[in-house]
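Letters go in sequence order (proteins before strands), and every chain restarts at 1.
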There are 2 protein chains.
Amino acid sequence: MELDHDSPVPLYVQLANLLRGRIERGELKGRIPATKDLAVQYEVAQGTAERSLAILREEGLIISAVGRGHFVAKRD
Amino acid sequence: MELDHDSPVPLYVQLANLLRGRIERGELKGRIPATKDLAVQYEVAQGTAERSLAILREEGLIISAVGRGHFVAKRD
DNA sequence: TGGGATTTGTTCGTATGTATC
DNA sequence: TGATACATACGAACAAATCCC
């Protein structure tokens with residue numbers, strides 16, 4: 001799965017959508033890779049990866065903690 | 001009115017709050033200064049000013065248009 | 001008609017501060 | 001203490017849309 005750098009859809013939105021799908025399908029559980037690792041994996045800047053996770057955080061899909069990491073939120 | 005660079009509250013949040021207040025009090029009408037000008041006025045980076053306006057945009061307080069500018073949204 | 005200037009919005013790379021382990 | 005990680009902030013560059021002359 002790759003991101004389309006030529007798409008009019010912003011990379012950070014594409015990545016957020018991609019990660020949301022993986023979470024909802026249960027492919028991504030517990031700990032989410034660090035922004036630094038996501039940046040390398042998807043070939044975006046760390047700030048872009050962070051922005052993607054910020055979207056999921058606002059949606060309540062993940063929980064972030066400074067110095068700890070990002071985690072898939074428990075289902076309610 | 002100035003921003004506190006030493007506050008734990010992020011600059012982009014401080015600026016968003018400040019501008020929101022000015023809009024709600026009717027001090028800011030119609031056209032909003034360009035991000036570049038806000039950046040100079042409040043001594044922040046252009047990206048930080050942009051981020052502040054993004055918050056107000058999501059809140060529906062302002063409307064932004066590429067190549068035109070930012071405008072206070074009509075009251076409903 | 002066309003070209004230059006302006007403005008928004010995205011992205012990058014980097015640096016820094018704070019918190020956790 | 002040192003390594004790791006999140007979050008903020010900066011400066012710079014670029015594309016697209018718009019405006020102006």
Side-chain angles (χ1 to χ4, degrees), chain A residues 1-23 28-74, chain B residues 1-23 28-74:
Chain A
M1 185 83 82
E2 292 182 7
L3 304 183
D4 183 3
H5 285 250
D6 295 326
S7 165
V9 180
L11 284 177
Y12 72 91
V13 172
Q14 289 186 53
L15 181 52
N17 291 342
L18 190 156
L19 294 174
R20 189 187 301 104
R22 291 185 59 195
I23 290 173
L28 205 52
K29 302 175 187 175
R31 185 183 199 77
I32 291 173
T35 55
K36 182 179 143 194
D37 294 330
L38 288 175
V40 172
Q41 179 177 357
Y42 292 105
E43 296 181 320
V44 296
Q46 189 172 346
T48 302
E50 162 63 26
R51 199 167 173 184
S52 299
L53 292 181
I55 292 177
L56 303 183
R57 192 184 316 134
E58 285 166 18
E59 292 175 355
L61 252 64
I62 68 171
I63 295 173
S64 306
V66 173
R68 306 223 325 110
H70 303 278
F71 306 86
V72 176
K74 293 286 184 300
Chain B
M1 185 84 81
E2 292 183 6
L3 304 183
D4 182 2
H5 286 251
D6 294 326
S7 165
V9 179
L11 284 176
Y12 73 91
V13 172
Q14 289 186 53
L15 181 53
N17 291 343
L18 190 155
L19 293 174
R20 190 187 302 104
R22 292 185 57 195
I23 290 172
L28 205 52
K29 301 176 188 174
R31 186 185 198 77
I32 291 173
T35 55
K36 182 180 142 193
D37 295 330
L38 287 176
V40 171
Q41 179 176 357
Y42 293 104
E43 296 181 318
V44 295
Q46 193 169 342
T48 301
E50 163 62 28
R51 195 168 174 183
S52 300
L53 292 180
I55 291 177
L56 303 182
R57 193 185 313 133
E58 286 165 17
E59 292 175 355
L61 251 66
I62 67 171
I63 295 175
S64 306
V66 173
R68 305 219 329 106
H70 303 276
F71 305 85
V72 176
K74 292 285 183 299

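As a whole-Å value, the separation of B:Lys36 NZ from D:dG11 P is 14 Å. One interatomic measurement links the two molecules: CZ of B:Arg31 to P of C:dT8, which rounds to 7 Å at whole-angstrom precision. Atoms CG (B:Leu3) and C1' (D:dT8) sit 14 Å apart, rounded to a whole Å. Here D:dT18 presents its C1' atom at 10 Å from CZ of B:Phe71, a figure rounded to the nearest Å. Rounded to whole angstrom, the span from the CG atom of B:Leu38 across to the P atom of D:dC10 amounts to 13 Å.
In this structure, B:Leu15 and B:Leu53 have side chains that are not in contact, with every pair of non-hydrogen atoms separated by 4.5 Å or more. In this structure, B:Leu19 and B:Leu56 have side chains that are in contact, with non-hydrogen atoms separated by less than 4.5 Å. A 4.5 Å side-chain heavy-atom check between B:Thr35 and B:His70 finds at least one atom pair inside the cut-off.
Within the structure, a side-chain polar atom (N or O) of B:Thr48 is placed less than 4.0 Å from OP1 or OP2 of D:dC10. For the OP1/OP2 pair of C:dT8 and a distance below 4.0 Å, the side-chain nitrogens and oxygens of B:His70 include at least one atom meeting the criterion. Close to D:dA9, at under 4.0 Å from its OP1 or OP2, lies no side-chain N or O of B:Tyr12.
By the salt bridge (Lys or Arg N to Asp or Glu O under 4.0 Å) test, B:Arg20 is found to be paired with B:Glu59, residues two or more places apart in sequence or in another chain being considered. Every side-chain contact (heavy atoms from CB on, under 4.5 Å) that B:Asp4 has, sequence neighbours left out, goes to B:Asp6, B:Ser7, B:Gln14. With sequence neighbours excluded, no residue satisfies side-chain hydrogen bond (donor to acceptor under 3.5 Å, both in side chains) with B:Ser52. Partners of B:Thr48 under the side-chain contact (heavy atoms from CB on, under 4.5 Å) rule, at least two apart in sequence or in another chain, are B:Leu11, B:Tyr12, B:Val44, B:Ala45.
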Once base and sugar-phosphate atoms are separated, protein heavy atoms under 4.0 Å mark nucleotides 13-21 of chain C, 5' to 3', with B, S and - as -----BBSS
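Of the candidate nucleotides D:dA9, C:dT11, D:dA5, C:dT11 has the atom lying nearest to any side-chain atom of A:Leu11. In the set D:dC6, D:dA9, C:dT10, the nucleotide with an atom closest to the side chain of A:Thr35 is D:dC6.
Sorted by residue number, the members of residues 49-59 of chain A with any non-hydrogen atom under 4.0 Å from DNA chain D read A:Glu50, A:Arg57.
In this structure, A:Lys36 does not pair ionically with A:Glu50, as no charged nitrogen and carboxylate oxygen lie closer than 4.0 Å.
Contact annotation for B:Gln14: no contact, since no heavy-atom pair falls under 4.0 Å across all strands.
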